[in-house]
2 protein chains.
Amino acid sequence: MDLSDLRMFRTIVEEGSVTRAAERLHTVQSNVTTRLRLLEEDLGTALFDRINRRLVITPAGNLLAGYAERLLSLADEARDAVRRADLPEGLLRLGSMETTAAARLPGVIAAFRRAHPRVELRLQTAPTASLVQDVLAHQLDAALVSGPVIHPELESRPVVVEEVVLISAADWAPIESAADLAQRGPVELFTFREGCSYRQRIFDWLRRDGVPIARSSEFGTFEAILGCVAAGMGISLVPRSVIGAHLDDDPSRATLRVHPVPPDLAFSTTVMIWHRARSHQPARQAFADCLAERLGPLQAEITR
Amino acid sequence: MDLSDLRMFRTIVEEGSVTRAAERLHTVQSNVTTRLRLLEEDLGTALFDRINRRLVITPAGNLLAGYAERLLSLADEARDAVRRADLPEGLLRLGSMETTAAARLPGVIAAFRRAHPRVELRLQTAPTASLVQDVLAHQLDAALVSGPVIHPELESRPVVVEEVVLISAADWAPIESAADLAQRGPVELFTFREGCSYRQRIFDWLRRDGVPIARSSEFGTFEAILGCVAAGMGISLVPRSVIGAHLDDDPSRATLRVHPVPPDLAFSTTVMIWHRARSHQPARQAFADCLAERLGPLQAEITR
DNA sequence: CCATGGTCATCTCTTTTTGAGATTGAAACC
DNA sequence: GGTTTCAATCTCAAAAAGAGATGACCATGG
C-alpha cells in the first residue's frame, strides 16, 4: 500500500467506476482494475463488491477511503512544508569589499530583490579582514571578500576573478614596470575608500619597488577615480571590469590607458564566505546563485 | 514521494548512514543512495548535506522526518483498521433446519467457536419457510435451509447435498418401491420434530403412492430415530450421512438396511441464505468458510 | 607519508513492477 | 434482440527498482 495506490483508490471511490477513474488518472482501465486487485490482496480485504460488474464500496473500503483522504492531504502538506523550508525569506546580512560592492553588486542586488522580494537584504562594506571576523562572529550571514580564505569554520565559493590593472590618462607613455613609473617622479594615487584591498595592493607594490608617492586621494565611486585619472592627474589600480566604458573601440578616442601590473598582483579572486555551522541559509544560497548567474558569464570573458 | 520512500528516508535518518540503512532495509547501499537522490529531486530539496561523505540532515530533512513519522504511523493505523473491519466479531444470528443442525452443525459450530471466539453465535432451528421469512425480516443474519431458494432479496450458497435414504431394520426385505412398502401393511414412521422437511418429504411420497401410515413418532435426535428403526419398529427417511455408524463393514452385523427412494426425492441441497442488503457480515462469511471447510470434503464423497 | 577502512556516488546488468492495448463476458438499456 | 457499458483477463512493452562491482573521498593510525 503506497500513496499512489491510495490516490488511485480515492479516484475510484469518487468516480464510482474503474473506467472513469482510469480516464481521470490518464491511464488504462485494465491497469486500474489490476492495481485495485493488488491493493485488495495486499490488505487482505475486499474494498469493493463486484455486483453485476459494478463496484459497490464495502465497509472496509469506506474506512480506507477516510484514511486515504487523511494520508494524501498530509502528504501534500509535507511536500509544501519541505518546499517552503528552503524558500528564501527573512533577513540576509551581507558584507562586501567596497570594490566589489561598487563594481559588481548593483546589478546582482537588483536582480536578487526582484527574484526574492521576501528577503530583506542588508549590505555592509568593510575590508576583507573585518568581514571575515564578522562572519566568524555571526554578525554577517555571508561576505564577499578577497580570496582565498582558508579557515576551518568557514566555507567559501569563488564568485569572480578580478584582473586589476594600472590605469593612467590615455596620453601617458606605456608603463611596463615600476621603474617606468618612477621616472615620472612622485605619483599621485587615486583609490577607493580606506580599507580597499586594491589600495593596499598598489601601496605595497610601489613601496616595494621604491616608487615615491606624492599624494593619495580616496573616493567613493569608480566614476570619480576614473575621471581624475583620465584627466591626467595620476594613476589608479582598478578591476579591469569597471573601465570598459572608458576604453573606446577606437584607441584614439580612449580616455584611459591600461598598463600591466606584476602577475603576482594582477589577479584577485573574490569569494563568498559563510560560516560552516550555518550551512543552511536559503537566502544566502539564493544570493550565491544570483551571483553565479550574473557573474558566471563574465568569468569566462575575464579569464580568457 | 510514496510511503516506501518515506520508510527508506526514515531509516536513513535513524541510522544516520546510507550503508546501515541499506542493511536494515535488506537491500544494497547503491539503491538507497539512488532512491534518496530521486526523493530529493522529486521534492526539489536537499534532505541531507554530504559533508565529507557523511550525511548531515538539513532543516528540510528534519521537517520531512516528522511528516514521515506521522504518515507512516497513520498508514499502519489504516492497515489495522481495514483488517479489523472484516474481522468477525459481535453477534451472529444463525437459523437452521432441525436436520442440518443435528446432522452437520455440531462439529462446524465447535470449530467456528474455536476459530472466532469474539463472535457470539446464536442458533435457532425452524422449518425452511419460517427461516426464509426470518432472514427477509432481518431477524436472522443467515440460515441453513433446504434449497434452492430463489428470491430477489436473498443470496444463497450451497452448503451440502444430502442424499436422503429410506431405512429399516437390517432384516427387512429390500424395498424397491412404494408398492413393496405397502405390502407390509400400514407403516410406522419415525421422524424428526415438526417442521422437518424430510418429514414432509416422506409423508408426501407415501400419500402420493397410497401407502397407509399407521403412526408417526417424532424425536429430537437421530440416535433415537435410528434406534427405533434398527429395532424393527418402523421406517424413516434420513440423510445418508448420519447412518454411517449403523452400517457395519460386515453386512451381517449391520443393524440397518438402506433402501432407495425415488430420484426426485433422493437429493436435497442445503443452502446458506442471507439478505442481499447485508452482504458484509464478516462473521457470516467466516461461518460460511467454516462450513465449506468442514463439509466441502464430504461433498465430494456424497456426490461421488 | 602512505596504507587502510569506511562511506557515499556512479555505472551496468538483471529482475520486478507498471502500463498499454486488445479481447472477453456479463449485465443493462434502449 | 441488438447495442452499449463496464470490469476482468491476457499479452507484450516500458519503466522502475534492485544487485553487484567500482571509484572517489576523507579520516585515521601506523
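Labels below follow one simple rule: chain letters A, B, ... track the order of the sequence lines, proteins then strands, and each chain is numbered from 1.
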Trainee: Starting from C1' on C:dT7, measure out to CG on B:Asp49 and report it in whole angstrom.
Mentor: 16 Å
Trainee: Distance check: side-chain N/O of B:Thr27 vs OP1/OP2 of D:dA19, anything under 4.0 Å?
Mentor: yes
Trainee: Verify the contact: side-chain N or O of A:Thr19 to OP1 or OP2 of D:dA7, cut-off strictly under 4.0 Å; return yes or no.
Mentor: yes
Trainee: Can you tell me how far C1' of D:dA7 sits from CD1 of A:Ile12, to the nearest Å?
Mentor: 11 Å
Trainee: With a non-hydrogen cut-off below 4.0 angstrom, is B:Val18 in contact with a base, only sugar-phosphate, or nothing?
Mentor: sugar-phosphate
Trainee: For A:Arg7 and C:dG19, give me the distance from atom CZ to atom P, rounded to whole Å.
Mentor: 12 Å
Trainee: Expressed in angstrom and rounded to an integer, what is the separation of A:Gln29 atom CD from C:dG21 atom C1'?
Mentor: 11 Å
Trainee: Once salt bridge (Lys or Arg N to Asp or Glu O under 4.0 Å) is applied, what residue pairs with a partner in residues 269-287 of chain A remain, sequence neighbours excluded?
Mentor: A:Asp141-A:Arg278
Trainee: Is A:Arg10 reaching over with its side chain to a backbone N or O of A:Glu69, donor-acceptor style, under 3.5 angstrom?
Mentor: no
Trainee: Suppose we screen for salt bridge (charged side-chain N to carboxylate O under 4.0 Å, His left out). Which residues come up paired with B:Glu14, at least two apart in sequence or across chains?
Mentor: B:Arg24
Trainee: Rounding to a whole Å, what distance do you find between B:Leu36:CG and C:dC8:C1'?
Mentor: 10 Å
Trainee: Take atom CG of A:Leu39 and atom C1' of D:dA8, then tell me their distance rounded to the nearest Å.
Mentor: 17 Å
Trainee: Would you call B:Arg79 and A:Asp42 a salt bridge, taking side-chain N to carboxylate O under 4.0 Å as the test?
Mentor: yes
Trainee: Could you run down the sub-3.5 Å N/O contacts of the protein with nucleotides 13-18 of chain C?
Mentor:
none

Trainee: Just checking, is any N or O donor in the side chain of B:Asp86 or B:Gln285 under 3.5 Å from an acceptor N or O on the other one?
Mentor: no
Trainee: For residues 50-68 of chain A, which residue pairs qualify under side-chain hydrogen bond (donor to acceptor under 3.5 Å, both in side chains), counting only residues two or more places apart or in two chains?
Mentor: A:Glu40-A:Arg50, A:Tyr67-B:Glu77
Trainee: Taking atom C1' of C:dG19 as reference, at what distance in whole Å does atom CD of A:Glu23 sit?
Mentor: 16 Å
Trainee: For C:dT7, take OP1 and OP2 only and decide whether either is under 4.0 Å from a side-chain N or O of B:Arg20.
Mentor: yes
Trainee: Within the distance-only criterion (no hydrogens, no angle test), does the side chain of A:His275 pair as donor or acceptor with the backbone N or O of A:Ala277 below 3.5 angstrom?
Mentor: yes
Trainee: Under 4.0 Å: is that the gap between some side-chain N or O of A:Thr33 and OP1 or OP2 of D:dA7?
Mentor: no
Trainee: Are the side chain of A:Thr100 and the backbone N or O of A:Ser96 linked by a donor-acceptor pair below 3.5 Å?
Mentor: no
Trainee: Tell me which nucleotide among D:dA7, C:dC8, C:dA20 gets nearest to the side chain of A:Val28.
Mentor: C:dA20
Trainee: Without swapping roles, check the side chain of B:Ser30 against the backbone of B:Val28 for a donor-acceptor pair under 3.5 Å.
Mentor: no
Trainee: Going by salt bridge (charged side-chain N to carboxylate O under 4.0 Å, His left out), name the residues that satisfy it together with B:Arg35, two or more places apart in sequence or in a different chain.
Mentor: B:Asp5
Trainee: Please state whether the phosphate of D:dA7, meaning OP1 or OP2, lies under 4.0 angstrom from any side-chain nitrogen or oxygen of A:Ser17.
Mentor: yes
Trainee: Does B:Ser30 put a side-chain nitrogen or oxygen below 4.0 Å from OP1 or OP2 of D:dA19?
Mentor: no
Trainee: What is the distance, to the nearest angstrom, from the CG atom on A:Leu47 to the C1' atom on D:dA7?
Mentor: 16 Å
Trainee: Write down the protein N/O and nucleotide N/O pairs, taken from nucleotides 25-30 of chain D, whose separation is under 3.5 Å; answer none if there are no such pairs.
Mentor:
residue: D:dA27; atom: OP1; partner: B:Asn52; partner atom: ND2; Å: 2.6

